[in-house]
Number of protein chains: 2
Amino acid sequence: MASQTRQSQRRRQVLSRERIVEAAIELLDTTGESALTVRMLTERLSTGSGAIYHHVGTMNDLLEAASDTVIANALAVPPAADTPEDEIRAVALALFDAATEHPWLAAQLAAQITRNPWGSVTLRIFESFGRPMRALGVPQPDWFTTTSTLVHYFIGATTQGPHDGGKPERAEFLDTAFEAWQNLDPDDYPFITTIAAQMRDHDDRRQFLTGIDLVLKGIVARVDHAA
Amino acid sequence: MASQTRQSQRRRQVLSRERIVEAAIELLDTTGESALTVRMLTERLSTGSGAIYHHVGTMNDLLEAASDTVIANALAVPPAADTPEDEIRAVALALFDAATEHPWLAAQLAAQITRNPWGSVTLRIFESFGRPMRALGVPQPDWFTTTSTLVHYFIGATTQGPHDGGKPERAEFLDTAFEAWQNLDPDDYPFITTIAAQMRDHDDRRQFLTGIDLVLKGIVARVDHAA
DNA sequence: ACCTGAACACCGTTCAAGT
DNA sequence: ACCTGAACACCGTTCAAGT
């Protein structure tokens with residue numbers, strides 16, 4: 001908002017919860033999840049550990065705040081879309097891309113939601129998926145159920161989605177997994193072994209979108225059947 | 001040596017990876033996730049920490065083994081079902097009930113899958129959902145995609161599903177969440193505030209099954225459309 | 001109020017040493 | 001091979017003390 005914070009003064013920049021969360025996100029982005037420790041944070045912000053706890057409560061709170069901030073940013077710009085389906089797709093993609101940009105987000109989302117299923121993180125996601133849901137033709141008593149399903153799919157897909165490393169590492173990883181699957185005993189795993197080839201050249205983002213469409217189709221089919 | 005083992009049968013029972021995993025699951029079930037430490041384990045098994053590491057590798061391996069064991073047990077008995085839809089529902093319920101019985105499972109599932117998306121845990125789940133998928137009329141090139149969607153939904157729903165505490169605590173928890181949602185600003189959260197009431201008397205298990213049905217409906221609708 | 005930093009009670013993991 | 005248990009390098013968190 002105001003750009004007054006960018007002063008030439010380099011001595012101290014006043015500690016605040018916001019600044020701590022910001023530093024935490026940066027640390028997570030650059031050095032990975034295991035690098036976010038109180039000591040690292042004190043070093044980066046050149047303070048003592050007590051100062052952190054004066055603003056932030058607990059380490060888990062900080063992690064939650066970091067997740068919440070990233071999610072909020074990803075959902076900040078409401079997507080302009082022609083149809084409710086398109087809006088849902090846009091929301092889903094915005095969140096998916098946030099998880100790609102911040103490799104630590106998926107694990108945190110899962111952890112945070114398991115710890116507090118109806119906390120602010122879920123709240124934000126629920127609202128964003130639910131808003132277009134109203135225009136989809138679903139009768140109001142079913143809004144909760146259908147939106148839940150959509151949100152749950154998103155959570156699951158993100159958890160398993162791309163995380164550490166860039167694109168080439170991901171491809172290499174998929175190749176390794178593919179090989180492992182293909183070499184399983186067909187008697188024990190008749191499905192996996194026949195399907196293994198399909199996972200070799202699969203695109204996470206594309207797969208994710210297809211899944212969203214599939215759930216949407218299920219929701220609409222339900223509406224049509226009720227009508 | 002052989003004569004020495006015979007002296008007192010009650011003391012030592014030979015340590016093994018299996019026994020360690022078993023003790024870990026018991027510890028997780030009875031005292032919660034944070035109680036599973038190497039020291040606790042050594043105490044329970046009356047050994048030294050080195051003995052644990054001689055059999056188990058790392059703490060995360062142990063957690064993965066515990067999750068894998070529980071999942072494998074839950075899927076051990078292949079369900080007799082009349083239709084592929086029913087079989088998928090049975091698999092889903094078996095896993096859901098396992099997560100209810102072992103409150104730590106959901107978090108571990110999410111963590112384990114984020115760490116290694118195509119590890120043995122995912123493998124087992126994928127195979128179980130995928131097997132009946134073949135009889136659903138989905139063309140083979142789509143098997144991977146449709147099964148992925150189903151698995152992802154399951155993961156997400158379980159992550160957010162019931163975890164700590166028994167039924168009464170869960171109900172109390174839902175009530176608190178409901179109240180919080182209802183008291184939000186309708187301008188900021190128009191969707192949440194209108195559906196808050198629906199979450200008050202909602203049944204996790206029922207909701208889960210409805211979600212599975214919804215995804216199934218999407219999959220079948222896709223088949224019908226292609227035909 | 002805001003911050004410092006030593007101290008506390010833990011962790012997971014290692015490794016020389018025993019049997 | 002299998003196990004012991006002290007030691008190591010960390011954690012998150014607290015708290016008397018400073019400004």
Side-chain angles (χ1 to χ4, degrees), chain A residues 5 7 9-28 31-67 104 107-108 111-112 114-116, chain B residues 1-28 31-67 104 107-108 111-112 114-116:
Chain A
T5 37
Q7 301 167 351
Q9 185 141 8
R10 63 208 296 278
R11 183 82 182 87
R12 183 173 310 291
Q13 214 185 336
V14 202
L15 206 54
S16 69
R17 189 186 151 91
E18 229 176 47
R19 249 179 71 71
I20 295 173
V21 171
E22 188 188 328
I25 292 176
E26 201 184 304
L27 214 47
L28 287 165
T31 4
E33 197 178 343
S34 62
L36 182 65
T37 65
V38 176
R39 278 159 184 83
M40 269 285 193
L41 224 39
T42 59
E43 195 179 319
R44 185 86 88 157
L45 295 165
S46 53
T47 49
S49 59
I52 306 276
Y53 283 94
H54 188 264
H55 289 279
V56 137
T58 176
M59 195 58 190
N60 188 53
D61 290 350
L62 181 55
L63 251 353
E64 180 164 8
S67 304
W104 48 274
Q108 272 309 308
Q112 233 56 64
T114 312
R115 208 159 291 155
N116 182 11
Chain B
M1 222 179 197
S3 54
Q4 242 185 358
T5 30
R6 200 169 282 275
Q7 53 172 17
S8 166
Q9 39 97 307
R10 72 165 184 87
R11 252 294 159 248
R12 182 151 317 291
Q13 212 185 332
V14 201
L15 205 55
S16 69
R17 188 186 151 93
E18 228 177 47
R19 249 179 73 70
I20 295 174
V21 171
E22 188 189 327
I25 292 175
E26 201 185 304
L27 214 48
L28 286 164
T31 5
E33 196 177 344
S34 63
L36 183 66
T37 64
V38 175
R39 277 159 185 82
M40 269 285 195
L41 224 39
T42 60
E43 195 179 319
R44 185 85 88 158
L45 295 165
S46 54
T47 47
S49 58
I52 306 276
Y53 283 94
H54 187 265
H55 289 280
V56 136
T58 176
M59 194 58 190
N60 187 53
D61 289 351
L62 181 55
L63 252 351
E64 182 165 5
S67 305
W104 49 273
Q108 271 311 306
Q112 233 56 64
T114 312
R115 208 158 291 156
N116 183 10

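Note on naming: letters A, B, ... go to the chains in the order of the sequence lines (proteins, then strands), and numbering restarts at 1 for each one.
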Sort out the partner of [N] for me: Watson-Crick or G-U wobble, both distances under 3.5 Å, none otherwise.
{"N": "D/dC11", "value": "none"}
{"N": "C/dA17", "value": "none"}
{"N": "D/dC3", "value": "none"}

Could you check which of [options] has an atom nearest any side-chain atom of [X]?
{"X": "A/Leu15", "options": "C/dT13, C/dC8, C/dC3", "value": "C/dC3"}
{"X": "A/Val38", "options": "C/dC3, C/dG12, D/dT13", "value": "D/dT13"}
{"X": "B/Tyr53", "options": "C/dA1, C/dT14, D/dG12", "value": "C/dT14"}
{"X": "B/Thr47", "options": "D/dT4, D/dC3, C/dT13", "value": "D/dT4"}
{"X": "A/Ala51", "options": "D/dC11, C/dC3, C/dT13", "value": "C/dC3"}
{"X": "B/Thr37", "options": "C/dC11, C/dC3, D/dC11", "value": "C/dC11"}

Determine whether a donor-acceptor pair (N or O, by modelled atom type, separation under 3.5 Å) exists between the side chain of A/Thr37 and the backbone of A/Met40. yes
Considering every strand and a 4.0 Å limit on heavy-atom distances, what is the contact class for A/Leu36: base, sugar-phosphate, or nothing? sugar-phosphate
Quick one: label B/Leu41 by what it contacts on the DNA or RNA (base, sugar-phosphate, nothing), any heavy atom closer than 4.0 Å. nothing
Value in whole Å for how far the [atom2] atom of [N] lies from [atom1] of [X]:
{"X": "B/Arg39", "N": "D/dC8", "atom1": "CZ", "atom2": "P", "value": "14 Å"}
{"X": "B/Asp61", "N": "C/dG12", "atom1": "CG", "atom2": "C1'", "value": "13 Å"}
{"X": "B/His54", "N": "C/dA17", "atom1": "NE2", "atom2": "C1'", "value": "14 Å"}
{"X": "A/Asn60", "N": "D/dT13", "atom1": "CG", "atom2": "P", "value": "8 Å"}
{"X": "A/Glu33", "N": "D/dC11", "atom1": "CD", "atom2": "P", "value": "14 Å"}
{"X": "A/His55", "N": "D/dG12", "atom1": "NE2", "atom2": "P", "value": "18 Å"}
{"X": "B/Glu43", "N": "C/dC11", "atom1": "CD", "atom2": "P", "value": "11 Å"}
{"X": "B/Ile52", "N": "C/dG12", "atom1": "CD1", "atom2": "P", "value": "11 Å"}

Which atoms form the tightest heavy-atom contact between A/Ala51 and A/Thr47, and what is the distance? CB-CB, 4.0 Å
Where do A/Val14 and A/Arg19 come nearest, in terms of heavy atoms and distance? O-CD, 3.3 Å
What distance do A/Ile52 atom CD1 and A/Met59 atom CE have between them, rounded to the nearest 0.5 Å? 8.5 Å
Check whether any side-chain heavy atom of B/Leu62 sits under 4.5 Å from a side-chain heavy atom of B/Val38, and report yes or no. no
Would you say A/Glu33 and A/Gln108 make side-chain contact, with heavy atoms under 4.5 Å? yes
On DNA chain D, does the nearest nucleotide to A/Met59 precede the nearest nucleotide to B/Gly50 from the 5' side, or the other way round? Give the residue. B/Gly50
Could you tell me whether the phosphate oxygens of C/dG5, OP1 or OP2, come under 4.0 Å of any side-chain nitrogen or oxygen in A/Thr42? no
Report yes if a donor N or O on one partner sits less than 3.5 Å from an acceptor N or O on the other, where the partners are the side chain of B/Ser49 and the base of D/dA6; otherwise report no. yes
